[in-house]
Amino acid sequence: MPKTAGYRNQAEWAAGQLKEGLQYVLVKEGAKSVGFIEYMPGEQAWRVLHAEGYLVIQCLWAGLTGQGLGSALIDRCIQDARVQGKHGVAVITNADTSWAPGPEIFSRNGFVAVDAAPYGFELYTYQLDNAPAPYFPRDWDARLARYDDGLTILRSDQCPYIEVATANVLEAAAALNIKAEVIHMDSREKMMELSPTPYGVFNVIYNGELISYHRLTPRSFAQKLRSVKG
């Protein structure tokens, strides 16, 4: 979607993150994109976790099934971690949404679960040495409690679909006459401080309750807002 605002924003974000160690591996079959993996050093990763000395997989997609493409991309990251002398590779999974990778493919490739967080998030790692495992923050309830009054959208530009996800929330809020505050997390430090979920880069909170951390249709957002609004 090269002509969309989300694509342009993500491309600009990625360009700025290359100096921080962002790696983006794209697999193509002819002119068609069929898979990709995106990962970064844990110290700069755009996910809410502590993973110093690790590489962190942020996104994984395989458009071809039954050919081992996803496993090959994961192995590419593991081999890169070896070359860089990292402790291993970490990834945040969630079985309830496609906006975060599911855990199954990582379990099949030697990753083990080392931590968990609310809303179905799990932290998996592939260890290359005996270093301490990555871990999640422990203050999720306190983070969420900051947004106990009204509708707050926490967003970044890390994913091209965040733009339309934000627009869908604003459309639903306008239909219900709800004012929304949009906080643009333009730095990793801001995301690490503000996000109430490990996903980090997109969160919607209404009156202290998490509405979503992934894209929904305006209708679905409206239904969730009504359920909290009463």
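When reading the values below, keep in mind they use all heavy atoms of this one structure, side chains included, and skip hydrogens, waters and symmetry mates.
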Consider only side-chain heavy atoms of I, L, V, M, F, W and Y, link residues closer than 4.5 Å, and tell whether Y126 and I37 are in one cluster.
-> yes
Name all residues meeting the side-chain hydrogen bond (donor to acceptor under 3.5 Å, both in side chains) criterion together with T197; count only those two or more places apart in sequence or in a different chain, and write none if there are none.
-> N203
Walk me through it: do V169 and F202 pass the test side-chain contact (heavy atoms from CB on, under 4.5 Å)?
-> CA-CA 11 Å; V169 183; F202 179 75; 4.2 Å; yes
Tell me, please, which residues at least two apart from D139 pass side-chain hydrogen bond (donor to acceptor under 3.5 Å, both in side chains).
-> R143
Between G21 and P41, the two heavy atoms sitting closest are O-CD, 3.5 Å
pair T125-F106: side-chain heavy atoms closer than 4.5 Å = no
In the single-linkage hydrophobic clustering (I, L, V, M, F, W, Y; side-chain heavy atoms under 4.5 Å), do M40 and L128 co-cluster?
-> no
Sorted by chain and number, sequence neighbours left out, side-chain hydrogen bond (donor to acceptor under 3.5 Å, both in side chains) with N207 holds for none
What pair of heavy atoms forms the shortest contact from S71 to N109, and how long is it?
-> OG-ND2, 3.1 Å
With sequence neighbours left out, write down each residue that passes salt bridge (Lys or Arg N to Asp or Glu O under 4.0 Å) with E38, or none if nothing qualifies.
-> none
Return the set of residues passing side-chain hydrogen bond (donor to acceptor under 3.5 Å, both in side chains) with D80 (not counting sequence neighbours), or none when no residue passes.
-> Y39, Q84
Below 4.5 Å, heavy atoms only, C-beta onward: do F221 and L151 meet side chain to side chain?
-> no
First locate atom OG of S187, then atom CH2 of W46, and finally report the distance between them rounded to the nearest 0.5 Å.
-> 6.0 Å
Salt bridge R188-E43, side-chain N to carboxylate O under 4.0 Å = no
K28, NZ atom: more than 12 neighbouring heavy atoms under 6.0 Å | yes
Report the distance from atom CG of N168 to atom CD of E171, rounding to the nearest 0.5 Å.
-> 6.5 Å
Given the rule that I, L, V, M, F, W and Y join up when any side-chain heavy atoms are under 4.5 Å apart, are V56 and I74 in one cluster?
-> no
Which pair of non-hydrogen atoms, one from D129 and one from H87, has the smallest distance, and what is that distance?
-> OD2-ND1, 2.8 Å
side-chain contact (heavy atoms from CB on, under 4.5 Å) between L22 and W13, intermediate numbers included | CA-CA 10 Å; L22 174 69; W13 171 88; 4.2 Å; yes
Compare all side-chain heavy atoms of C77 with those of Q23 and state whether any distance is below 4.5 angstrom.
-> no
Straight-line distance of M185 CE to D157 CG, nearest 0.5 Å = 10.0 Å
Check: L69 and E29 side chains under 4.5 Å, non-hydrogen atoms = no
Mind telling me whether F36 and W61 have parallel, tilted or perpendicular rings, with 30° and 60° as the class edges?
-> tilted
Can you tell me if NZ on K86 sees more than 12 non-hydrogen neighbours from other groups inside 6.0 Å?
-> yes
Could you tell me which non-hydrogen atom of A222 sits nearest to which non-hydrogen atom of L176, and how far apart they are?
-> O-CD1, 3.7 Å
Using the side-chain contact (heavy atoms from CB on, under 4.5 Å) rule, take Q223 and R219 through it: C-alpha gap first, then chi angles, then the decisive distance, then the call.
-> CA-CA 6 Å; Q223 290 174 340; R219 180 178 179 181; 3.8 Å; yes
Going from CD on Q58 to CD on Q158, what distance comes out if it is rounded to the nearest 0.5 angstrom?
-> 5.0 Å
Determine, using the 4.5 Å side-chain heavy-atom cutoff (strictly less than), whether I57 and V114 are members of one ILVMFWY cluster.
-> no
Atom CD in Q127, atom CZ in F111: separation rounded to 0.5 Å?
-> 10.0 Å
Honestly curious: do M192 and W140 fall in one hydrophobic cluster under the side-chain, below-4.5 Å linking rule?
-> yes
Side-chain heavy atoms of I178 within contact of R226, under 4.5 Å = no
Could you go step by step and tell me if V182 and L170 meet the side-chain contact (heavy atoms from CB on, under 4.5 Å) rule?
-> CA-CA 9 Å; V182 180; L170 294 174; 4.1 Å; yes
Any side-chain heavy-atom pair from N9 and E163 closer than 4.5 angstrom?
-> yes
Decide yes or no for R155 and H184: does some side-chain heavy atom of the first lie under 4.5 Å from some side-chain heavy atom of the second?
-> yes
Separation of D149 CG from Y206 OH (nearest 0.5 Å) = 9.0 Å
Flag the pair L123 / P198 as yes when at least one side-chain heavy-atom distance between them is below 4.5 Å, and no otherwise.
-> no
Write down the atom of P218, the atom of A172, and the distance for their closest heavy-atom approach.
-> O-CB, 3.3 Å
How far apart are the closest heavy atoms of I183 and L194, and which atoms are they?
-> CG2-CD1, 4.0 Å
Exceeds 12 heavy-atom contacts within 6.0 angstrom, atom CZ of R146 = yes
Going by the side-chain hydrogen bond (donor to acceptor under 3.5 Å, both in side chains) test, which pairs reach into residues 88-104, not counting sequence neighbours?
-> N94-Y213
Taking only Lys NZ, Arg NE, NH1 and NH2, and the carboxylate oxygens of Asp or Glu, determine whether D115 and R138 approach each other closer than 4.0 Å.
-> yes
